[in-house]
There are 4 protein chains.
Amino acid sequence: MSETHAAIPRSRRGRPRNPGAEDRLFNAALEEYGEHGWAGFTMDAVARRAGVGKSTIYLRWRDKDDLLSDAVAERRPNEEIADTGSLRSDLELLAENFFHFYLDAAGWATLRIVIDAAGSPEPLGRFADAVTDLHREAMKIVGERAVARGDAPATDELDQLWSCLYGSLLIQVLELRTRHRGLDEEQIADRARVLADFVLTRVRA
Amino acid sequence: MSETHAAIPRSRRGRPRNPGAEDRLFNAALEEYGEHGWAGFTMDAVARRAGVGKSTIYLRWRDKDDLLSDAVAERRPNEEIADTGSLRSDLELLAENFFHFYLDAAGWATLRIVIDAAGSPEPLGRFADAVTDLHREAMKIVGERAVARGDAPATDELDQLWSCLYGSLLIQVLELRTRHRGLDEEQIADRARVLADFVLTRVRA
Amino acid sequence: MSETHAAIPRSRRGRPRNPGAEDRLFNAALEEYGEHGWAGFTMDAVARRAGVGKSTIYLRWRDKDDLLSDAVAERRPNEEIADTGSLRSDLELLAENFFHFYLDAAGWATLRIVIDAAGSPEPLGRFADAVTDLHREAMKIVGERAVARGDAPATDELDQLWSCLYGSLLIQVLELRTRHRGLDEEQIADRARVLADFVLTRVRA
Amino acid sequence: MSETHAAIPRSRRGRPRNPGAEDRLFNAALEEYGEHGWAGFTMDAVARRAGVGKSTIYLRWRDKDDLLSDAVAERRPNEEIADTGSLRSDLELLAENFFHFYLDAAGWATLRIVIDAAGSPEPLGRFADAVTDLHREAMKIVGERAVARGDAPATDELDQLWSCLYGSLLIQVLELRTRHRGLDEEQIADRARVLADFVLTRVRA
DNA sequence: AATTAATCGAGACGGTACGTCGGGTCTTATG
DNA sequence: CATAAGACCCGACGTACCGTCTCGATTAATT
């Protein structure tokens, strides 16, 4: 994902790329997007905010979409889900991570991009896949751990559980965004607990 | 919602408005939006597709947002949820309705707008509220019926149940969109059944 | 020449073109060109100076060349050469007219364009022809008058006479430009008299 | 003129300059300018055509103007006008030299630069002077020779004669360029003879 | 031989202007 | 009056080129 542009093979000759620029551009892009949305997200503004010429951007990314996708990909949540010892606490941790991610600028931008990209032709479509696959993967790991641990019966309902957990979480985030509200750590922990509890009812049955 | 423009008082004099135009414009707007997304959704294209001058559009709606909101509002799902006699079948019907709505152009556009609008200042923010409130309302009615019927204990977990049902459904739609796939009636019924079953586990407990 | 854009057939419908814009744009173009030369002659500056949007320019002319050619063509010198009664005074008048034209912004721009265009493929090439033909035509008329009047023998040396008159004049203008100097009416008359006198020596022989 | 860059004092240490580069760059510059004019004359293209890095250019010349001026200066016509024994044949030789120069890429570029530079602030202005002075100088030498020889009366009309000769010649070249035509040796000799003949009429009188 | 100093190619950099396109407004002639 | 047509001003798009800069790699003259 973060290799989108790095994949373009670059010779060792010539002036090397300004290494700080990429990071400043990611920040600028996410901030501009977060503040003004897609409309009102202009390349000139991003360049100005990053203290960079427009050409520098276009040397690295094909267009607006490409820059934003990459910026978002760079900030994706940490996929390492610590093994906390029980399925319940694993799920709670997972939910907390997702809450943190989607309540933040990068995560929110990610969601918008995923929605924008869904159903569109190629370019960002794969990105959408990558993001959801990444998250689904986290879920799968947690689930397999639980099965190995005897914490849960082997289950083919993982997808359903995941989509409920993930979907409910997104709905909550969406509502918070709409009301311009955030959550403090405690509230996040609460909601994560409630959510884990709810989706686990089924598994315990 | 659909009154946005009708609110503008109109005298009886002069040439009457072309009656077909509004409907053709709604279709054109939704199709353009569905095909090209927000970027690439142009007023000129909408006007051309509807066989209408741009001024005709701007006589009825203030701007792009306004037109699109109205188009989407016009196609919102029927809020009447038939009483099928049991909570389970009510939920299944609800889920089926939502599937139909979000797999269709208007529903999908609605979702995109809701996402775009969330966190933005005023204009579409209220629209986002309206849509989710509408859907939450349907859920509440179904829930109250169930309580009245003794089909479920009085519960303050309705919100959680709703967000799981709704969220899981959106996740599924998102994935289908990403893969350019649709569902036939039977598949929708299946998924609705599985979903209702899953979220009901909790209530039955 | 001035029909370059007007040649494009335009329906009568829609908002009519701002009639003053064209003239203001010609002035702005010639002034910008005169002040800054080709490099440093920017469309944005022209648009700003004319109080017009850039797209208004591009609706009427394909590009910078096209605008400038047209601006220059619009200001070409009056081709009517009054019959003053003698070849000598006709030539003096001709020379005076040419001096006025080439010492002015439009004439100078014309010369630059003619030079730029010479040897280039199509677009401005024809313009160059048109300008020189126009001037040669004036010479021919004056010459034929003289022959008819018995003022000069029938001569096939008209081309040579013309190119000497015209060329010498351009050289003088070029030198004046280089030295940032102009001429007052009297000086122009003097130079015109000397020039006519010089080239007429041959004819009288 | 050709010392513009050599004036920059250079130590003897370090890698010596690629000796062929300068010549290849002059050629490349003149060809690019001749083919595309000032607009469309790009440093990158010159560098590419000369097989040289851009920095190599900017190590030797300050900017585009500087490179082009120098390139043109390097190819200026030989100022030595052989003494052929008579004013008439001296003038013919002079005219032939000028024809050769201005029908060639370097001469044509020179003319364009002189025109572009005339009236502009400093940088190329002095170059324009230099070129015309150079040519005027040749005329003066020829004239003085004639006077010394008794071939012509002492004359203050030399400037007029020169501007007619030179101007007429430029007009002819301009027309040939416009029509994409060249001249062979014989045609040049013919035109030179006619031209010398024409301007000499006055002197003989 | 090792060091120093300059040039070379390549190519990224911050800017600026290009010509295009779309938004939302305005102005006409035609219903 | 509403309409279609389309010109209007504005501002962002993505491209191209300027003149600068920074690399690693040469290449001599000086230690």
Side-chain angles (χ1 to χ4, degrees), chain A residues 10-19 21 39-48 50-64, chain B residues 10-18 21 39-45 47-48 51-65, chain C residues 10-19 21 39-45 47-48 50-64, chain D residues 10-19 21 39-45 47-48 51-64 66:
Chain A
R10 291 218 316 108
S11 111
R12 206 140 276 299
R13 309 227 278 168
R15 176 174 177 173
R17 290 185 165 172
N18 179 343
F41 165 71
T42 72
M43 293 303 252
D44 292 79
V46 171
R48 211 176 315 116
V52 141
K54 247 200 312 178
S55 50
T56 299
I57 302 184
Y58 284 100
L59 274 173
R60 300 172 185 229
W61 298 279
R62 239 192 343 280
D63 55 18
K64 270 206 312 190
Chain B
R10 296 212 314 104
S11 114
R12 289 226 162 273
R13 306 222 298 159
R15 176 176 174 174
R17 287 187 166 171
N18 178 342
F41 164 72
T42 72
M43 293 302 255
D44 292 81
R48 211 176 316 118
V52 142
K54 258 205 299 181
S55 45
T56 300
I57 302 183
Y58 283 100
L59 273 173
R60 300 175 186 223
W61 297 278
R62 233 189 353 275
D63 55 20
K64 252 188 0 168
D65 292 347
Chain C
R10 291 214 320 102
S11 113
R12 213 141 266 302
R13 305 232 282 171
R15 177 175 175 172
R17 289 188 165 169
N18 179 342
F41 165 71
T42 71
M43 293 303 253
D44 292 80
R48 210 176 316 117
V52 142
K54 245 199 318 177
S55 49
T56 299
I57 302 183
Y58 284 102
L59 272 173
R60 299 171 186 230
W61 297 278
R62 237 193 342 280
D63 54 20
K64 264 198 330 182
Chain D
R10 292 214 314 105
S11 121
R12 287 228 160 274
R13 304 230 296 167
R15 176 175 177 172
R17 288 184 166 172
N18 178 342
F41 165 71
T42 74
M43 293 302 254
D44 292 79
R48 210 177 315 118
V52 142
K54 258 205 299 181
S55 47
T56 300
I57 302 183
Y58 282 100
L59 274 172
R60 302 176 185 223
W61 297 279
R62 236 189 346 276
D63 55 18
K64 255 191 351 172
D66 209 29

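In what follows, chains carry the letters A, B, and so on, assigned in the order in which the sequence lines appear, proteins first and then strands, with residues in each chain numbered from 1.
Side-chain atoms of T56(B) lie closest to dA4(F) of the nucleotides dA4(F), dT20(F), dG22(E). Closest contact between the side chain of P16(A) and the listed nucleotides dA5(F), dT22(F), dG14(E) involves dT22(F). Closest to the side chain of K64(A), out of dA10(E), dA7(F), dC13(F), is dC13(F). Comparing dA17(E), dT7(E), dG14(F) by their closest approach to the side chain of T42(C) singles out dA17(E). Here dG19(F) is the nucleotide among dT25(E), dG19(F), dC9(F) with the atom lying nearest to any side-chain atom of Y58(D). Each of dA6(E), dC18(F), dA5(F) was ranked by its minimum atom distance to the side chain of K54(D); first place goes to dC18(F).
Comparing S55(C) and D63(B), the nucleotide of DNA chain E nearest to each residue sits closer to the 5' end for S55(C). Each of A45(A) and N18(B) was assigned the nucleotide of DNA chain F with the nearest heavy atom; the assignment lying further toward the 5' end belongs to N18(B). With the nearest nucleotide of DNA chain F identified for both A50(C) and F41(D), A50(C) has the one nearer the 5' end.
The shortest heavy-atom contact between A47(C) and G53(C) is CB-C, 4.3 Å. When all heavy atoms of R60(B) and A21(B) are compared, the closest pair comes out as NH2-CB, 3.9 Å. Counting all heavy atoms, side chain and backbone alike, K54(A) lies closest to D44(A) at CE-OD2, 3.6 Å.
Rounding to whole angstrom units, CH2 of residue W61(A) and C1' of dC13(F) are separated by 18 Å. Summarising the geometry, the separation between CD1 on I57(A) and P on dG14(E) is reported as 9 Å, rounded to the nearest angstrom. Atom CE in M43(D) sits roughly 6 Å away from atom P in dG19(F) (whole-Å rounding). For the pair R15(A) CZ and dA12(E) C1', the computed distance is 6 Å after rounding to whole Å. We find that CG of D44(B) is positioned 14 Å from P of dT25(E), with the value rounded to whole Å. Rounded to a whole Å, the CZ atom of R13(D) is 5 Å from the C1' atom of dT30(F). Here the C1' atom of nucleotide dG6(F) and the CZ atom of R17(C) are 10 Å apart, to the nearest Å. Remark: P of dA6(E) and CG of L59(D) are 11 Å apart, rounded to the nearest angstrom.
Considering NZ of K64(D) and CD1 of I57(D), their distance stands at 11.0 Å, rounded to 0.5 Å.
Within the structure, a side-chain polar atom (N or O) of R60(C) is placed less than 4.0 Å from OP1 or OP2 of dC8(F).
Put simply, the side chain of T56(A) does not reach to within 4.5 Å of the side chain of N18(A), judged on heavy atoms.
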